[in-house]
Amino acid sequence: MGNVCEPPMECCTVRARNDAGVLTTTQTCVATGACPMGGVADECASELSCGAGMMCCRGGAGGATATTCEAMCAMGAAPICATDAGCPTGDMCVVPMGAMVGVCRPGAPPPRDAGTGG
């Protein structure tokens with residue numbers, strides 16, 4: 001996500017064709033509920049946008065793609081995280097190189113081979 005909007009504002013992403021017919025994506029901070037039809041409103045960018053103990057969840061029921069702050073992400077929704085604290089207990093936040101947010105993955109990273117050549 002490009003914008004990080006402070007509550008009560010939400011990030012509104014709209015994909016539309018410009019005057020040249022090229023499909024473009026714009027993101028702006030708008031008042032809650034002001035994202036136009038066809039736009040996707042994001043309530044959070046990561047757990048850092050939510051209150052204490054809350055997760056930032058993307059997706060869920062009906063294939064929704066907007067993000068919301070929840071105590072626990074619903075089945076089918078993915079936690080969007082900036083730190084391990086944004087993940088369910090026991091999971092870790094995996095942030096791709098160059099990105100500011102990532103997704104939660106189960107458990108700790110796999111152990112490395114000690115390389116003893118046994």
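These numbers come from the heavy atoms of this one structure, side chains and all, not from hydrogens, waters or symmetry mates.
- Between Ser46 and Met100, every side-chain heavy-atom pair lies at or beyond the 4.5 Å cut-off.
- Annotation for Ala20 and Asn18: closest pair N-OD1, 2.9 Å, computed over non-hydrogen atoms.
- Residues satisfying the side-chain hydrogen bond (donor to acceptor under 3.5 Å, both in side chains) test with Thr25, not counting sequence neighbours, are Arg15.
- Taking 4.5 Å as the limit, some side-chain heavy atom of Thr83 sits within range of a side-chain heavy atom of Glu47.
- Shown here for Gly86 and Pro79, the closest heavy-atom pair between the two residues is O-CB, 3.9 Å.
- Looking at every heavy atom in both residues, Thr13 comes nearest to Cys35 through N-SG, 4.4 Å.
- Evaluation of the side chain to side chain contact (heavy atoms under 4.5 Å, CB included) rule for Met54 yields Cys50, Cys69, Ala71 as partners, not counting sequence neighbours.
- Rounded to the nearest 0.5 Å, atoms OG1 (Thr24) and CG (Asp19) are 9.5 Å apart.
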Inset, instruction - May I have the step-by-step check of side-chain contact (heavy atoms from CB on, under 4.5 Å) for Cys81 and Cys87, ending in yes or no? - result: CA-CA 7 Å; Cys81 57; Cys87 297; 3.8 Å; yes
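- Cluster annotation: Val103 is connected to Val101 through the hydrophobic network of ILVMFWY side chains, with a link wherever side-chain heavy atoms come within less than 4.5 Å.
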Legend entry - Test disulfide (SG to SG under 2.5 Å) applied to Cys44 and Cys56, step by step: CA-CA 6 Å; Cys44 52; Cys56 181; 2.1 Å; yes
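- Checked by atom type and distance alone, the side chain of Asp91 never pairs as donor or acceptor with a backbone atom of Cys104 at under 3.5 Å.
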